[in-house]
Amino acid sequence: MGRLLFLIGVAAIALVQSVTVLAAPSPSPALDAILVTPPGTGFVEQAKGTPGIFEGPFDAEGYAQITSSADTTKAKQALVADGFLSGYGRTWVSQAAQKIYVEAVMAFGGAKGAKSWLGQSEIADRAEPTYQHAITIEGIESYYGARLVDPASPIYADAYVFVKGNDTYLVSTVSTKDDLATTAATQTRRQFESAPQYTVPPSEWPESKASNVAVGAVKVVGGVLVGILVVGLIVATLLIVRSRRPPMPAVSFQGIPSGGAQAPPAIAVQMSEDRRQWWDGTNWRDAEQEVPPSAQRSEDSRFWWDGYNWRPIPIP
């Protein structure tokens, strides 16, 4: 029996690999157009490509890195096993209110994969130390809600993860105070009602095809339990909240720069309204391609401060 199961597993993997190569549908509508913006004013969306947060497109490896998964290889394997296609995230910060909205959508090949990932994520999140209790919302069938608290930081988060069609959505509100009330539930309902019924037609879902029998076999042979959508988010958003504080020059513990001289204050960088360009005194320059000479750098020289965000320094 053991030998038979092994052979079934090998054959199943071969079948799944051949199906993956032949059929990799593209989500439609595009994922970057289906996430709703926060209510009210005062929230500023973060720059695309900001490390460690959901902002822009991400693949399986990017997801594992953003959520700080302990084993990125297993996280990627689990996503692939569930039929993950692509993801897109957006993060907004209110510096005045010290609140954050984070949203993400993950497209899978079918509803079965999306719901499988939902279940794995809930189990993983419930096991985390910051998990306090479940929160509920009416009118959504496949979902879970979580209240997460880290009183030492302090940071409070309400998050919902739900499935609609072949897509899994994350909607979370984060605050440095226990004042979230029903903001996450309200935003989740807006997102659920606005989301398309699916981004891959049901006729193309693997569960609609006889060949998908192989997928179940692979999950039995090599399935792993990793999720951690929300807990990884808490780590990332905490770093964002802290980065909103005024930056300080790189100094030693005695308050003296390592070179022995007082560090010169960073000169303010004039940015365009959309924060995509900076003014060099004569011309506007692309902020994603060039770094202002006067801008403050991080200690590891990987980021520069534009007065509001840490931006990655382009690699020549």
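The CG atom of N166 sits 7.5 Å away from atom CG of L85, with the distance rounded to the nearest 0.5 Å. Rounding to the nearest 0.5 angstrom, the gap separating the CZ atom in F162 from the OH atom in Y143 is 12.0 Å. Put simply, CG on D167 and OH on Y88 are 15.0 Å apart, with the number rounded to the nearest 0.5 Å. Taken to the nearest 0.5 Å, the OG1 atom of T168 stands 9.5 Å off from the CZ atom of F84. The CD1 atom of I140 sits 8.5 Å away from atom OH of Y160, with the distance rounded to the nearest 0.5 Å. Between R147 atom CZ and I135 atom CD1 the span is 7.0 Å, to the nearest 0.5 Å.
The residues K48 and D32 are annotated as not salt-bridged, no charged nitrogen and carboxylate oxygen being separated by less than 4.0 angstrom. We find that E103 and R90 are not joined by a salt bridge, their nearest charged nitrogen and carboxylate oxygen being 4.0 Å or further apart.
W205 contributes a side-chain N or O that, together with a main-chain N or O of V200, makes up a donor-acceptor pair within less than 3.5 Å. Judged purely by atom type and a 3.5 angstrom limit, Q191 uses its side chain to pair as donor or acceptor with the backbone of V36.
Y101 and L180 fall into different hydrophobic clusters, where Ile, Leu, Val, Met, Phe, Trp and Tyr residues are linked whenever their side-chain heavy atoms come under 4.5 Å apart, directly or through other members. Under the 4.5 Å side-chain contact rule for hydrophobic residues, I100 and F43 do not share a cluster.
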Start with the C-alpha gap between D179 and K99, add the side-chain angles, then the distance that decides, and say whether salt bridge (charged side-chain N to carboxylate O under 4.0 Å, His left out) holds. CA-CA 10 Å; D179 60 353; K99 285 186 173 61; 2.7 Å; yes
